[in-house]
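Accompanying notes for the structure given below.
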Amino acid sequence: MSWLNVMVKDIRSALKEKTFVSIVLLQLFVAGLASIITIGMLVLYNPTFLAANQAKVGLVGDAPVLASVLKPEKKYGSLDEAFEDFYAGRIDAIVLLPEENSSENFVTVYLPKEEVVAIVATSYLREKLMEYEAKLRSMNGIPGKIPIKVFSPEMKEVEEPNGISASFKFIYMVLIPLLVITTALSAGGLFIDLISEEVESKTAHVLLSTPLRAWEIVMGKVAAALSLSALLTPVWILLLMINGIDIARPILVLVITLSISSLFVAVACFSSLSGDRERAQLIFSLTIVSLLPLFYISPFMPSGLIARVSAGSYFLPVEISLYAAVSAASLLLGVKILEKRIRDQ
Amino acid sequence: MLKVTLLEIKKSRKKYGKRFTFLLLLLITFAALSAIMSFSGFKSDYMMYTAATQIELKDSRFITFHAEPPEGRETVKKEYADVYLGFDGTLYVITSGSKKSLAATEELIKAIRSDFEEFLYQRYGKKAYPVFVRAVYVDRGHIATPSGTVNLEEVRKAVERGETEVGKPKEKSGIPEHTPEPKIPSGGEKRTFDVGKLIFGEKGYTTPSTFSPPSLMGKMIYAFLLILPSYFAIQVYSSSFIEDRFSGRLVSLLSTPLSPRDILLGKMLPYFLLSTSLVLFSSILLANPSSALYILPPLLFLFSIQTLFALLSRSYKEMTFLILVSSLVITGYLFIPAIFAGTVPFSKVSPITLLLSNLEGETVTLREYFVSTLQFFAAFIFISLICVRALDAEFLEYQGGIVERFLEACRRVVTGYPSLIAYMGLSIAPIFMVEFMLATTLFAFPLHVSIPFFLMTIAAVEEFFKTVALHSAIRNGLEWWKAGVVGGITFLIFEKLLVVVDAGIFSNAMMAGMLVLPLALHVSTLLLFSYLIRLNPKGYWLAYVAATLLHFAYNLGVVTFVLA
C-alpha cells in the first residue's frame, strides 16, 4: 500500500458519497449565478439587449429642438394631461422641459416605477437626449460628438458594438476566475475533511501501524484533493465551451487551476494543524476570504492572469511558472509540517 | 434547553482558547485589510486587448504597436491584434468580429469618447453641457388600472415638491424644491471626467450620457457586510453539531430527560445569539439598526438547513459540499433579485432588496416585508420540524445514503392526515426557493437546452417533496389513494395561496388563472406514485421517476400551449 492507494480510496469514497456531484452542482450554480448577473447588468446598462429600444414618450413644455429630436408620441399642454395617458398605459414616459434655451436645460423624465418598460424607456431617452445635447452643442458652435466608424477587415462598415464588453469582461475577469477559485476551494475543503476523518476516527493510527508512513497518508490525501481539481476543471471548461465561450488555452488554465488548488491545499494543511475539523475549516475559510479580494487587486494576481490566459491575451510564461513554483513550495512545506504532527500524535 | 446551551458554550470556550482566538482575530484583521485594499478597484483587465494603431494610444487595457492601414487590416484579419485604430480624416476602428475583438472595439470607442468629453470640458467648460436630466419614478400600479382611480392632484403636488418617487408615502425628500443650479468642479480637482456624476451626486441631475435606470448595486457591499460574518458563526455551529453526532455526544444527550427540541434549540441558541450580535453590530455601524430585521429570517433558515445537512450527511466531506452548495444558492437567492431592485417587481422577493431600499431612505411596507420573509420563516419551521423528529438514537444510527436518510427522517414527520397537510403547506416555501434559483440555470445554457432542463428540474423538485411525504404517509399506514388525493389537493391549495400572497411580485398568468389542470396534475402524479408504491413498497425511485416524468410531460404541454 502506498500513497496512491490512499488517494484511490479517498476518491472512491468521494464519488460514492456524491461529493463529486455536489461540487459539479456548485460549479453549475456559480456559472448560472454569474450568467444571470451578467444579464442583469446588460439589461440595466444596455437595454437594447432586450431587443426593444423603442418607447412611447409624451412631451410637456415649449421645447421645439427637443421635440425635433425626440419625435414624441404626443405633445401635451400640461402635466396633468400627460399623466392621464401615462396612467392609462398609453405612453411609457413623460419628458418635461418647461422652456428651452441654448445654454442650460433641466429635463425631468417621469418613468413608471418597478416596470421593465422603464429600463427600455431610459435607454431610448438616453440616446435621444445625447442627440439633443449634440444638437445644442452644434448650435452653440461647440463640436457635437466625435465621429468614429467601425469596419470589418474587408473595410465594410459594420454596426458599432454595444454591450458586448460588459459580458466579455464578466465572463473572463469574474466568472472564469470564480470557477478556478471554487475548484481550488473544493480541493482545500475536501483535504481538511479527509485528514479530519482519518484523525478523528483514529483510523490514522491504524494506517500508521501498517508499513504506510505519515507522509504517504498526507500525500495520498493531497493527491486525492488535487485529482478532484484535475477532474473538475475539464468539466467546467467543457460546460463553458458548450455555452459558446472560447477558452483560448485550456491546458494552461488547467495548470493555473492546479497551482491555485495546491496553494489552497497548502493553506488547508496549515489549517489542519489546529487539531480538529471545526477549527481547521474555520481557519481555512477565514484565510481564503482574506485572500480572495487580493486575487483581484493587481493585474498580476491570479484573477488577472487567469483572465488573460483564458481570453488568449498577452502573458509571460514566467507568471505561470512562478505561481506553480510558489504553490508547490507552500504545499511541500505544509505536507512536511502536517506529516510531522500526525507522526508525533 | 439552557443546560444544553451552557454545555455548548463550555465546549466552545475549551476549544477556542486565548491563542486560537488571537489567531482568529488576526485573520479577521487580515480579511478586513484585504477588503479595504480591494476598494481601490479590480484591475483584471490590464493588458487584456491588443491594438494595432496608426495614432498614439495610451490605455493600460491595451497592448499597442504601430501599424499603417494595410498592415493593420492584416493583423486584425489574422487575429494578431484584436483591433486596429486608424485615422483618415475621421477616426475608424477595424474589428475581426470575434467577441473579444468586438469587446475591444467597444472599450476603445468608449475611451476615445471619454477623452473627447474631457477635451470639451477643458476647452469650453460649463457651456459644453447644455442638457441635464433627472428621473422621477411614479408608481402607477398595473397598467390596466383605470385612470379614474388615480389622484392626479396628488401626483402633481408630489411632482412639484420635486420628489423622485411618486405614488406612495414618503417620509422626506432630499431633493430641493427649486430647479437646482449645476455646479461644475473647479479646475484643480482631479477627475476622470464625469461631470454628470459629480452633479448627480450633489443635485440629483445627470448628463444624458450617464442617465441610467435606478440601481442599488452600490449599496450591495453593505448587505454583504451585514450577512457575511454570520456565515462563519453558522459554519462553526454546523461543524460542532456534526462533531457531536460522530463523537456520540448527541446520543448521550438524547439519553437524558431533555427533549430533542430542547437539545436542538439549546445547541443552536449560542450561535444564533452570536450571529444576531454580529448583525446588530454591523447594523449600528451603518446607523440603521432596523437592517437586522431583514437579515435575521435568512439566518434562521441557514441555521435550519445546516442542521439538516449535519443530520443527513454520512461524512464530513459530504456535509461540507452540501453546505457549500446550499450557502451559495441561498446567497444567490438573496442577492440576485437585489440587482434588479427598482426595475422589476420580482426583485422584492428578497429581503436584501428591501434592506437596500431601506438604506436608500425608502419606506418598506409591512406587506412587502411579510412577502419577502415569509418563505424563510416557513422553510425554517419546515426544516426544523424534520430535524427535531430526526433527532433520536435510532435515526442517528441509521445507515443509508442522504436521500434514504431524508426519507427516514420524513417518515417520522408525516404520520397522519394533519401532518401530511402541514408538510404539504410548509414545503411550498423551500420548493419556491429552489425553483426560483433553478431559473438561473436558464441562462447557463442555450435556451433550447435550458428550457426543457428547467421544466424537468422543477418537475423533479416538486415531485421529490410531494412523494417523500406520500411515501412516509403510506409507510405509516394511510390509505394510498386517500393520501394521494388529500396530498394533491393540499399542495395545490398552498401553491395558489403563495401566488395570492406574492401577488404584485409575480405575474399570476401562469398559475392563478389555472385551477382544474394543476389539480388534475398534482392528484394524478401522487396517485400514480402511491399506486406504484403499493405494488412495490421498496420501489421509491421507480415510482418517483414515473411521477416526475408525468409532471414533466404536463409542464412541456403547458409551455408549448402557452408559447403557441
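So you know, we letter chains A, B, ... as the sequences are listed, proteins then strands, and number each from 1. Note that the coordinates shown come from a computational prediction; the quantities given were computed from them, not determined experimentally.
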With no hydrogens and no angle check, is any side-chain donor or acceptor of [X] less than 3.5 Å from a backbone partner on [Y]?
X      : Y      : result
A:R137 : B:A128 : yes
A:N105 : B:P130 : yes
A:S313 : B:M48  : yes
B:E243 : A:R277 : no

Atom group of [X] that falls short of 4.5 Å from chain A, counting heavy atoms:
X      : answer
B:F116 : side chain
B:F30  : both
B:L102 : both
B:Q235 : side chain
B:T320 : both
B:L23  : side chain

Those residues that, when tested against A:Y172, pass ring-ring contact (aromatic ring centres under 6.0 Å, His included) (two or more places apart):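 Result, ring-ring contact (aromatic ring centres under 6.0 Å, His included) vs A:Y172: A:F168.
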For chain B, find which of [options] contributes the most heavy-atom pairs closer than 4.5 angstrom.
options                        : result
A:G304, A:G312, A:A93          : A:G304
A:T287, A:N140, A:I94, A:L292  : A:T287
A:L185, A:L129, A:I148, A:V289 : A:I148
A:S285, A:G189, A:S78, A:S196  : A:S285

Structural part of [X] lying under 4.5 Å from a heavy atom of chain B:
X      : result
A:I192 : neither
A:S186 : both
A:V158 : side chain
A:L66  : neither

Which residue out of B:L322, B:T50, B:V76, B:T105 racks up the most heavy-atom pairs below 4.5 Å with chain A?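 Maximum pair count with chain A is reached by B:T105.
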If you tally heavy-atom pairs under 4.5 Å between each of B:M319, B:M47, B:K100, B:K99 and chain A, the highest tally belongs to B:K100
Just wondering, more than 12 heavy atoms not from A:K149 lying within 6.0 Å of its NZ?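 Counting other residues, nucleotides and ligands, NZ of A:K149 stays at 12 neighbours or fewer.
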Take atom CD of A:E159 as the centre, draw a 6.0 Å sphere, and report whether it contains more than 12 heavy atoms from other residues, nucleotides or ligands. no
SB check B:R73 A:E154 (cutoff 4.0 Å): no
Hey, are A:E160 and B:R113 close enough for a salt bridge, meaning a charged N less than 4.0 Å from a carboxylate O? yes
Could you grab the distance from atom CG of B:L24 to atom CD1 of A:I283, nearest 0.5 Å is fine?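 Going from the CG atom of B:L24 to the CD1 atom of A:I283 covers 6.0 Å.
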Do A:Y110 and B:Y137 make the cut of ring centroids closer than 6.0 angstrom? no
Give the C-alpha distance, both sets of side-chain angles, the deciding distance and a yes or no for ring pair (Phe, Tyr, Trp, His ring centres under 6.0 Å) between B:Y46 and A:F300. CA-CA 9 Å; B:Y46 180 74; A:F300 302 104; 5.8 Å; yes
Using 30° and 60° as the class limits, which term best fits the ring planes of B:F132 and A:F106: parallel, tilted or perpendicular? parallel
Can A:R279 and B:S239 be said to form a side-chain hydrogen bond (donor to acceptor under 3.5 Å, both in side chains), step by step? CA-CA 9 Å; A:R279 287 182 290 183; B:S239 294; over 6 Å; no
